[in-house]
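Residue numbers begin at 1 in each chain, while the letters A, B, ... track the order of the sequences. Both backbone and side-chain heavy atoms feed into the values below; hydrogens, waters and symmetry mates do not.
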Number of protein chains: 2
Amino acid sequence: MTVLPRPAARARPTMNDVAREADVALKTVSRYVNGEQNINAAMAERIADAIARLGYRRNLSAASLRPGRSSRTVGLVISDLANPHWAALARGAERAATDRGYLLVTGSSEEDGARHDALVDRMLDQRLDGLVVVPPREPGRPWSALVPPVPPVVFVDRPLDTPGAHAILADDRDGARAAVASLVRAGARRVALVGDSWLIPAMAARREGYRDALADAGLPDDPALQHDGAHSLTQAQELVAGLLGTPAGGAPPVDAVFAANNRASLGALHAFRDAGRRLPLVGFDDFEAATLLDPPVSVVAQDVGGMGAAAVHLLLDLLGGTADVPSRVVVPTTLHLRGSERP
Amino acid sequence: MTVLPRPAARARPTMNDVAREADVALKTVSRYVNGEQNINAAMAERIADAIARLGYRRNLSAASLRPGRSSRTVGLVISDLANPHWAALARGAERAATDRGYLLVTGSSEEDGARHDALVDRMLDQRLDGLVVVPPREPGRPWSALVPPVPPVVFVDRPLDTPGAHAILADDRDGARAAVASLVRAGARRVALVGDSWLIPAMAARREGYRDALADAGLPDDPALQHDGAHSLTQAQELVAGLLGTPAGGAPPVDAVFAANNRASLGALHAFRDAGRRLPLVGFDDFEAATLLDPPVSVVAQDVGGMGAAAVHLLLDLLGGTADVPSRVVVPTTLHLRGSERP
DNA sequence: CTGAAAGCGCTAACAG
DNA sequence: CTGTTAGCGCTTTCAG
């Protein structure tokens with residue numbers, strides 16, 4: 001029995017093949033494919049036929065080779081796609097990209113500078129048209145270290161370390177302030193702040209808002225109440241479990257918790273469940289099960305999907321040279337009081 | 001005042017520029033950049049210097065132009081990145097891709113055939129190396145309609161409508177059977193099935209498992225208990241709210257719910273909360289807050305991230321021509337009984 | 001309005 | 001081990 005060689009995968013037809021088949025010049029096919037107007041109707045029809053007959057597909061990658069031509073692809077670097085917060089951001093970004101004919105490349109940095117930088121490098125080498133970036137907690141190389149020309153970048157949740165950098169930010173400070181104020185209004189006097197590293201600009205801003213609310217109420221700003229070690233749900237859970245225990249040295253106990261992101265909220269809720277005892281709680285960032293719990297969890301909601309979409313729209317406007325592109329967009333937050341802020 | 005023309009953005013240096021700067025041939029730079037070994041050390045150093053001096057970055061897009069050369073980019077088409085289930089799948093896929101030096105392009109079909117097909121077309125035109133695809137509920141064009149050559153595709157959650165198609169599947173039938181069996185064991189006799197369209201292969205398989213469990217227990221297979229209209233959380237909620245009311249025509253009431261995906265579980269829980277009354281419940285697919293609820297929600301868990309990673313690994317093995325690539329991988333599920341299965 | 005020729009940044013043959 | 005030449009699929013001058 002003879003083994004036939006596997007037939008060589010037929011190569012895709014090229015524009016040249018179409019031109020030959022339709023008996024027109026290459027350039028005419030190019031014009032047709034690009035939707036240019038000035039084409040003889042008869043030729044257009046011959047070309048359409050040839051394309052159908054050959055099963056021709058345009059090679060966008062080749063089309064974008066020439067400098068100045070866009071690849072219609074943008075990149076998004078976040079910390080972790082599996083976190084519903086970032087997934088919502090990515091979804092918003094993706095929708096905006098698709099709506100405008102772009103493809104979205106995503107990557108998770110896992111809050112690691114080196115990983116983040118590697119993703120950015122890879123995306124730059126791929127010649128994506130632009131990037132939406134959420135810088136990692138552990139910063140790697142400064143953005144300014146990149147040798148220009150660098151494609152446009154829109155930062156989310158981050159300070160502007162590059163002059164003229166564009167950014168989409170939530171009104172973290174104001175949201176946190178409203179959250180903590182609601183706890184104080186419900187009677188809390190010693191509100192614990194459970195957050196991720198202060199190196200994260202959004203976190204630092206939320207701490208400011210926390211302090212604002214305390215100051216507004218004439219309460220002391222006690223650093224011992226402010227925790228920035230909740231990098232994960234588990235760490236937040238352990239941290240809050242500690243808060244529920246008897247404080248060392250006879251310090252007065254914590255009487256409420258402000259969870260500065262959705263991991264912290266869930267961690268606190270796990271700790272409450274484990275201890276069989278809960279403290280008044282308000283979280284930053286809404287989460288799916290917030291209204292299912294008893295009591296329902298109060299949160300400061302931000303339109304995360306909207307922020308992702310806004311970032312991509314801003315990026316594409318930048319690319320398109322649209323005039324008057326704002327360099328900084330601050331998105332408001334909304335406080336949803338559902339009951340968990342009360343003792 | 002004279003407006004100076006914006007200085008032309010300096011073009012990126014090319015390999016040619018590096019070659020000139022280092023005074024070697026273009027091809028030598030190419031060799032260096034590709035990590036080939038046979039290079040004179042002195043030359044290598046001159047090249048390295050030139051690259052640093054010029055801030056040269058390789059253009060991967062140009063490098064992949066030549067047929068047969070990979071773009072090191074794969075695509076993923078799911079239904080909705082904002083659904084934690086798909087986000088977890090995407091995260092797994094992304095991790096596998098990154099680990100192997102690939103970039104991941106993601107797109108959400110919103111369960112719409114046309115949108116799905118458009119995403120696939122776009123990805124094919126971009127000449128991605130391969131695709132991981134979760135076909136939409138409302139099918140669009142059949143895969144076989146694509147004119148070859150088509151890059152490798154790995155399907156997730158889908159039947160093999162193309163000969164030789166590769167797929168990663170959860171053991172839906174077995175998982176559903178275990179879930180329903182646990183409800184029956186706890187005393188349920190009329191278990192409602194709340195799911196999405198039976199057109200979705202995974203859903204059809206879960207219904208089979210549901211029927212298996214009923215048959216095992218000698219219970220009747222009552223179509224009136226099997227609902228496939230829960231396409232969203234809200235629809236599931238309304239559906240379950242209806243089940244909690246008095247059944248029309250004096251039919252015996254439903255006494256337990258098997259929620260066939262995470263949207264259905266959450267919808268059911270919302271309906272329970274609204275009604276102030278709950279039914280025994282087991283859900284398919286774990287979710288973040290399952291253990292926070294009272295009682296904690298029992299689920300059939302699947303390793304969604306693992307499935308995403310497996311899909312990409314299978315795809316890349318296919319691409320690499322690795323021998324013995326399985327054409328079908330079935331991933332087992334695990335039943336977590338937490339209490340909600342009991343009355 | 002159409003076409004021929006050149007070239008994008010890079011890799012593949014094939015000589016030296 | 002290095003360099004020269006051609007050419008990937010497409011767009012872009014610039015002539016007809």
| message | Quick check with a 6.0 Å cut-off and a 45 degree axis cone: is B:R158 positioned over the face of B:F155's six-membered ring? | response | yes
| remark: Sorted by number, residues from residues 26-36 of chain B placing a heavy atom under 4.0 Å from DNA chain C are B:L26, B:K27, B:S30, B:N34
| Do the side chains of B:T73 and B:L104 get nearer than 4.5 Å, heavy atoms only? | no
| Counting N and O atoms only, with roles assigned by atom type, does the side chain of A:R66 sit under 3.5 Å from a partner on the main chain of A:A63, one being a donor and the other an acceptor? | no
| field | Donor-acceptor contact present, side-chain B:D129 to main-chain B:S71, <3.5 Å | value | yes
| query | Can you tell which of D:dC10, D:dA6, D:dT12 lies closest to the side chain of A:R69? | reply | D:dT12
| remark: Of all heavy-atom pairs linking B:P135 and B:H116, the shortest is CA-CE1, 4.0 Å
| field | B:I47 CD1 - D:dC1 P separation (whole Å) | value | 14 Å
Donor-acceptor contacts, no H, no angles, side chain residues 16-27 of chain A, under 3.5 Å, sequence neighbours left out:
from: A:D17; atom 1: OD2; to: A:T14; atom 2: N; distance (Å): 2.8
from: A:E21; atom 1: OE2; to: A:R53; atom 2: NH1; distance (Å): 2.3

| query | Does a side-chain N-to-carboxylate-O contact under 4.0 Å join A:R95 and B:E110? | reply | yes
| message | Rounded to whole Å, how long is the line connecting atom CZ of A:R12 with atom C1' of D:dC10? | response | 15 Å
| Bounds of contact between DNA chain C and chain A, in 5' to 3' order, using a heavy-atom cut-off under 4.0 Å | C:dC1 to C:dG9
| Within a strict 4.5 Å, meaning less than it, do heavy atoms of the B:L60 and A:R122 side chains meet? | yes
| message | Nearest whole Å is fine: how far is D:dC10 P from B:R66 CZ? | response | 15 Å
| query | What integer distance in Å separates A:R72:CZ from D:dC10:C1'? | reply | 16 Å
| said: Given D:dC10, D:dT2, D:dG7, identify the nucleotide with an atom nearest to the side chain of B:N40. | reply: D:dT2
| message | For D:dC10 and A:N16 - does any side-chain N or O of the residue sit under 4.0 Å from the phosphate oxygens OP1/OP2? | response | no
